[in-house]
Amino acid sequence: MNFDYTLFIPEYLLAALAASIVALDLFVPNFRKSWLSYIAAAGLAVIAGVSLAWVNKQTNFAGIIAIDNYTTYFRVFFIGIAAVICLASGRLVEDQLQHPGEYYGFIIISTIGAIGMAAARELMTAYLSLELLSFSLYILVSFAKFDSRSNEAGLKYLLLGAFSSAMFLYGLSLIYGLAGSTYYSDISAFLSNGTSNFSFALLMALVLIIAGLGFKVAAVPFHMWTPDAYEGAPMAITAYLSTTSKAAGFALLLRLFGGAFQVVQHDWSWMIAGLAAASMILGNLVALQQHNIKRLMAYSSIGQIGYLLMGVAGLSHDTASAVVLHLTGYMVTNLALFVVIIAWYNMTGSEEIADFRGMRERAPLLAGALAGALFSLAGLPLFAGFVTKFILFQAATDQGYYWLAAIGVVTSVISLYYYLQVMREAFVSKPEEGQEFRLQIPYVMQGLTVALMAGVFYVGLYPAQLFSAVDNATRFLFV
Amino acid sequence: MQSVAQGVPLEHFVMLSMVLFSIGVFGVLSRRNAVLVLMSVELMLNAVSINLVAFAVYTSPSLFVGVIFAIFVITIAAAEVGLALAVILRVFRNRGTANIDEIDSLKW
Amino acid sequence: MHSGYWLIASVGIPLVAALVLLAVPDERHDIVRIFSVGVGAVLFAISVFVFFAYELNRGGQYEFFIRWDWLQNIAFLGPHGISLAFGIDGIAAPMVLLTGIVAFGGVLISWKIEHHNKDFFILFWVLVAGVYGTFEALDLFFFFFFYEVAVLPMYLLIAVWGSSSVFPTFSRTKEYSAMKLTIMLVAASILIFLGIFAVFKEAGQGTFDLQTLYAYHFDPRFQKIVFPLFVIGCGVLAGLWPFHTWSPDGHVSAPTAVSMLHAGVLMKLGAFGIIRLGIQLLPAGASFWMPGLMVLATINVVYGAFAATAQRDFKYMIGYSSVSHMGLVLMGLATMSVIGIQGAVLQMFSHGVMTATFFAMVGSVYDQAHTRDMTLFGGLVHKMPLFVFFFGIAGLASLGLPGLSGFIAEFNVFVGTFQTYPWAAALGIFAAMVTAIYILRMMALALFGPLNERWSGLNEMTILERGTASLMLVFILFMGLWPAPFIDRISETVLRLPGVS
Amino acid sequence: MTQGFFDLMAAVVIVGALGVVLVRSAVYAALFLIASLMGVAGIYVLLSVEFLTLVQILIYGGAVTVLVLFALMLTRVRDLRERAADPPQMAGAVLGTLGLLAGFVTVMYETTWPRDNGTITPIAFNDIGQALFNRWAVPFEIASGVLLVALVGAIVIAMHEEGEP
Amino acid sequence: MTDAWVLPVLPAAAFVALLLFSTWLPRKGDWLAILAMAASFALVFPIGKDVADSIGSSAGFQAGTRSWEWAHVEAAGHTYLDIRIGTYVDQITLVMLFVVTLVALLVMIYSTGYMRGDRRYGWFYAIVSLFVASMLTLVLADNLLMLYFAWELVGLCSMLLIGYYNDRQSAAEASKKAFVTTRVGDVGLLIGIIILFTQTHTFNIQQILHMAEAGEISKNWLTAAAVLIFAGACGKSAQFPLHVWLPDAMEGPTPVSALIHAATMVVAGVYLVARMLPLMEVVRGMPELITALALTTVILSALIGLAQRDIKRVVAYSTLNSLGLMFVALGSGAVGAAMLYLFVHAFFKALLFLTCGSVIHATEEQEVDKLGGLWDKLPITAPAFIVGALAMAGMIPFSGFWAKDEILVGLHNGNMTYIALITTLISLPITAIYMMRVVMLTFFGTVKDEHVHEHAHESEPVMSWPLILLSVLAVVAGFVVFEGVGKALGFHSGWLGFIYNLGEGPEKYATNWGLATASVVLVVLGLLFGMWMWRGEAEPSKQAGAFSPLTYKLFLNRFYIDEVYQFAIDKIVLAAGRVIAVFDRTVVNDTGVNGTGDATWGLGWTAKFQETGKIPNYAFAIVAGIVIIVAIAFGYRA
């Protein structure tokens, strides 16, 4: 049995980075706190580079944690997201939050949890990693201590999170009781011998697990916390919620259902399909009614989750690749959009969509990026959304899920409506009197926007390399 | 050494944990005070631990993962309580209540 | 040099132009204008070249063919899974030419745009690129890709640079029209989306390459199921009744150049899609469903013509006449006969040029008068004789006067239709008479008669508008007097369409 | 005799749990919680995993309960009593719980647990230690990470900032 | 001279030249147009010679027959579409060519005076050239599509010329009316052409005729085609019921009216029917239909002519009258008679209009009630007009008489019933009466308006010479009926032999003295009655008007046919349009499209309230979700 601790060097580095950031916080003078964000981002970038060393190495730690392309892909992915979030939150943290050191620390630590979720091939580890991520998020969501909305969001998220993770755990315990082991491989081996005389227990376990993970990725009807948490959390954390926590949820979902439960796919795929349909419909319908950009993003993310679940329902190597591809494209787009929103929020201090008015006049770059990101989310071409969604839907159709694909495209039209409403504020409405002047957007934000939009175009116009990388990664899900 | 529990079938333990779990769920659904909701969650977690241990000792003692798992569950539960209480205190300080149905400024 | 690069250029140049414009500072309107006009001219030149360089009697394979593999041998995609395959046949050739003409005209007309003309032209070029791409793409994925690219900029183009209008009984805000247009078009493309999925899965070739898919023989039952998806999906963009209402409202609210491109080219994408995806891909489905389409098309023709008689707003009148004329296109397609489809394609070109002229003219008078209510005008001929001349030519073309492009097109459609659906043809010709009524009514109201003193301040068209109008006029006459170049190209391809008698 | 002991412990657990969810007074609920958790500890004894028993008693009987009571005090629950849930909520709670319970019962009756030979194989203290620090070292590290996060987080959140009433 | 295509090309070229450059040309380039016109007129003679020679020869009518491919679709030996540009010349064509070019030439010359100094002088000549060019194309076309092509262009030009005075709303309306009305007929024509094409897969007229005579076309389709084509002819030649546009057509400049009425436009229909007559005769009942409508037109127009006040309007109705006669002839199969009448009619009708023109030019007044006693004022115009009037009335020995007599003979010999003959005879005196009325009221009787009378003056030579020439022609043109004259002019076997040699075998001019005398008597009576009625103060006429005011009003208002049509257009077409427009907005758009949107929006509105913000509800949602899925799963499994 292989106990090679060097496999976790990136995680150790992350932990060290978090600790050093917290320590640095004590020495950095108050008016230089923004340095922390740069340092964190730089460190994360380095670590991402380091973790590239494991590309195409397929190994594992005692069968508990697999370090394969899948893990590496998500390592880089999560670390990258964390870096972006750190950079984007610099100004925000200075203005509104205490304890910047801890703030960045938690973001970095939570990344470890996310990576663990992607890497674990064993239930206990998966659960603990999930809790690591969740705990950090509970704290980050309620980080704006004097903002009662932030506390409320934190409380809701925490209580419901604990509740649903209890459900998840109970499901795990049942699975353990059946299979007598927590290793995915053992479970899958066990289930492949036929499930006739404990099928009810299995179903119950699957439902509970899906509920727990559904909560994490915010699938209807386990989505209720999402809008409130999004709205209450500090802006940057909303972005983090909508990216890393969702992506990690899917990483775990794919790993678990691919590694352990694919043999009983016909038992659970319809559940996921149902959740997918519900999420797509409800998310996009309710999003029509939102006036707060964070809530809008929350509901639109619920809709997007629906699309992704569609791929999970017909889980296979192809669909897994498609899901991860769409996940990537969606995350990049989402980050771009949130960077724009954060920058605008830093300038105007408003989260209302109506206050986007005149963005074209006041911050052309942001406005352009906003339009691009929204088009991408709506799944229009030239941008990431079109290609990834197309491939995802095609994959689902190949698995026979015509009706899901139909719901998917219909709802994406609905989504186009509210995205266009946002765009209308930014481009059509004129700024109020005396507000026509240009805003000076910090260079960090400008750079981030451009870089992320470049990413959106890259995925949208030449996805070949990314897709093959993803395809290599997902190949290891089903061993 | 000989166990004290010979004769009690596994089903009893599982049944117990299921009942306990359901009660916990009921608590979460019906209680209004955040702290009490938290207690109910604790009940659910304990139900889980019972399950895990029972399965471990009855069905897979060779590689008693269940016990380890139970330990972790307990740990996490404790940590959860601590964190939750901190948040509850923060909420109480900002709003003067810990009643979760009065904490609904975020909706729709 | 590989001839396919011409097509790549026709798509790439506008996209690059859009990128370049991004770098131009907001306030340098002059640079934007000159640059854009240059790009427009180049595109026009390329289109003309491509049209005339299209060689006849090449056994009907796609010319200017070029293929860049984009995604292949991955996941469910086999070799050539998704490839950037461009090429044109005798049907696409006139469409490419049309795009060049209208785009160039649109740029000239848009010279006078002041408000953020940089943004305008960025979106404009994206739109143009999409149109070219759709006409040239030979890959199902990229066909749809560019199809959507062409729809994408519409919302902003209309909502930002458009105009809201209030009518006695109702009003149309530009935001409303823009939103309706975008949503309806994208909603329609849902059906195409699903159709594409189904086709790919059914064929199981692991490729979206159209020529491969054409070679595959789909099960007739499957074709009957999927064909309506394509036809309705594309039909909405072609103004198919009853999904046409985006079109008149959209035109009324859109800025001149957008109306031109929109009625002139974008609506043709729909009809083109019906040929590419419908007739070519699913011939059995086509022969099964076409009678139904014929009924709808006839409704289109008559309905649009009658609705146009009741309009007072120039653009509404033209919008509804577009509905009527696109109905003729659909009618021609629905015949599944050589002459009919050939007439449809001719009509696509003719209507494109003619409507573009219409909108250009209306724009030139609207910019001065700030109203489009034809009952308020009168005797414009005394102030703007040239305007009236061009406007009249367009009008006569639209009522199918021989010697202008409209006649030969409509005649082909009618002949083709008459062979199988005499009643439809008769109704169509009757509608052509109604067209005469409303066109002449409009002329008698607004253009001739005593000058309404209120408009004594109007000036003749600007030099650029004259340029645009003359450009269009040349092609209206060209096709009207010597249609052979068009008919040869089109018929060569149409004769090879599957299931066409 | 063991069966009897099990029934006793089960009764304690259930009654305590019911007390937690039903009793009006928050403090009583907390006390009921202690009772119930101790019952669970008893169950562990019955399952002959003494180590867990100790952990249970220490963590729950000590830390958790004290924390909970502190929290109750600090949040000054109105005279430590709680209004009953309003009817719709209560109905929902009952329905949901019963539904879940029904599901569990079905599972119970339909399932034969594999490899269940009806006998317990007790697990020795040191085996647990061995496993925990060899094979399960990684989860252990993650768990410690979670604890650390919770600790720091709790402090950061609850800490009294300057300029705060 | 096989290159007949040159004839239309010359004026067409003139049109293009004038359109582009007339502004910079001396005299706006009218000379260019006139030269082109003269050239094509000159070219008629060589062509005529060829045709005349080719009659005897076995080669048949190959003169001027040329054809080029215009659009061609063919595959695997099957020809889908074959449109050609080609000319075909035979006697009918020849007559048309001669008439058109000559009249047009005279009109153009005349216009140099009449239109001098007009704002859009160059435009006028440009359009007239195009007008003539398209008319020539029409008569030369060897296939129906090309014919239709020219047909529509003729319509367009007539519209432009009628609406020439574009600052008059009335002119705009009249042009619209003319175009739309003829368009109604054109729809028929187009459908007819398409029917013939789908049946025969060719547009070539001769082939179609042969197939029709050989009975290779299914009877029903043939009938449909014949009727529809005749509808087209009705539209252009202003036969009842599509005659309403012609009288309004005098909104245009008078020379244009002359052109339209005499040469270019209205006779197109006559030409078409004459051309397609073999086809029409195959169809049973077709000749009767033609005759019936034609007679209706004759009587109607004659009666209306009695009451009109506007001098040009009267002449306009006289045109309807004449056209009716031509169609009567065609109906009875007397092509020669029809063409002869067309031939002479061109001259005296042009004469009448041009004289009207010079009267109006002189007095700037066209209400007959305001004119009067102009005989001494207008020494050239007055007699010229009277000549034209008598010719129109069919007074011996004016040209009108011979032609009309031919028609009567044709009716008599033809298989048509006697009702036709009698009706025609009845119409003669009426014609005479209203022509006389105009003459009396304009040139004799008392002067009603001193002012007008004062500054009336004869118009300049350039306008008078055409009048004189036309007057001569109006007198002598009829003599061609005599074989000698025909021979003298170089036709073998005389004019009629020439015309009739269309396959029906030669037919000589057979005078039917009974008919001739009858007609003469009737005409003379009519004239005398007219003289008496409108002499001096025209008392009797007033009494007549007072005697039955209702009839008078009926005549005056042209039997209210226009009103009926106007009603039809307003209340049916436009109303239907309004209904559909409202339907489109309210039902299709506001209900269908917006309705869908609103429904979706409403769904969202109701759905958003599941987000209550209360933790227990959220938790309940989770549990409910689980329970539901479990229930489904277990139910499915059990």
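Order of the sequence lines fixes the chain letters, A, B, ..., with proteins taken first and strands second; residue numbering starts at 1 for each chain.
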J.: For chain D, find which of A:S199, A:A179, A:G154 contributes the most heavy-atom pairs closer than 4.5 angstrom.
T.: A:A179
J.: Side chain, backbone, both or neither: which part of D:R115 has a non-hydrogen atom closer than 4.5 Å to chain A?
T.: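 Looking at D:R115, just its side chain touches chain A.
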J.: Any donor-acceptor pair under 3.5 Å linking the side-chain atoms of A:D68 with those of A:T71?
T.: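 A:T71 vs A:D68: donor-acceptor pair found between side chains.
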J.: State the CG-CD1 distance between A:L17 and A:I107, to the nearest 0.5 angstrom.
T.: 11.5 Å
J.: Distance alone, cut at 3.5 Å: any donor-acceptor contact between the side chains of A:S110 and A:Y240?
T.: yes
J.: Pick one of side chain, backbone, both or neither for D:D116, based on which atoms fall under 4.5 Å of a heavy atom in chain A.
T.: neither
J.: Select one option (side chain, backbone, both, neither) describing which atoms of D:F104 are under 4.5 Å from chain A's heavy atoms.
T.: both
J.: Of the backbone (N, CA, C, O) and the side chain (C-beta and beyond), which part of A:L133 lies under 4.5 Å from a heavy atom of chain D, both, or neither?
T.: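 Contact with chain D is absent: no heavy atom of A:L133 under 4.5 Å.
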J.: At a heavy-atom separation under 4.5 Å, does D:M108 approach chain A through its side chain, its backbone, both, or neither?
T.: neither
J.: Students often mix this up, so state it plainly: with edges at 30° and 60°, are the rings of A:F135 and A:Y138 parallel, tilted or perpendicular?
T.: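 Rings of A:F135 and A:Y138: tilted, 30 to 60°.
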J.: In Å and rounded to the nearest 0.5 Å, what is the CD1 to OG1 distance from D:I34 to D:T65?
T.: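 So the CD1 of D:I34 and the OG1 of D:T65 are separated by 4.5 Å.
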J.: Considering non-hydrogen atoms only, spot the tightest contact between D:A29 and D:V20 and give its length.
T.: O-CG2, 3.6 Å
J.: What part of A:S150 gets closer than 4.5 Å to chain D, counting heavy atoms only: side chain, backbone, both or neither?
T.: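 Neither part.
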J.: Against chain D, label A:Y103 side chain, backbone, both or neither, depending on which of its atoms sit under 4.5 Å from a heavy atom there.
T.: neither
J.: Can you find a pair of side-chain heavy atoms, one from D:W136 and one from A:I64, that are under 4.5 Å apart?
T.: yes
J.: Under 4.5 Å, counting heavy-atom pairs only, tell me which of A:Q98, A:E131, A:E11 racks up the most with chain D.
T.: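 Greatest number of close heavy-atom pairs with chain D: A:Q98.
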J.: Does any backbone or side-chain atom of A:Y5 lie under 4.5 Å from a heavy atom of chain D? Answer side chain, backbone, both or neither.
T.: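 Just the side chain, heavy atoms under 4.5 Å.
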J.: Check whether the side chains of D:Q130 and D:N126 place a donor and an acceptor atom closer than 3.5 Å, and report yes or no.
T.: no
J.: Would you mind checking which part of A:I109 comes under 4.5 Å of any heavy atom in chain D, side chain (CB onward), backbone (N, CA, C, O), both or neither?
T.: side chain
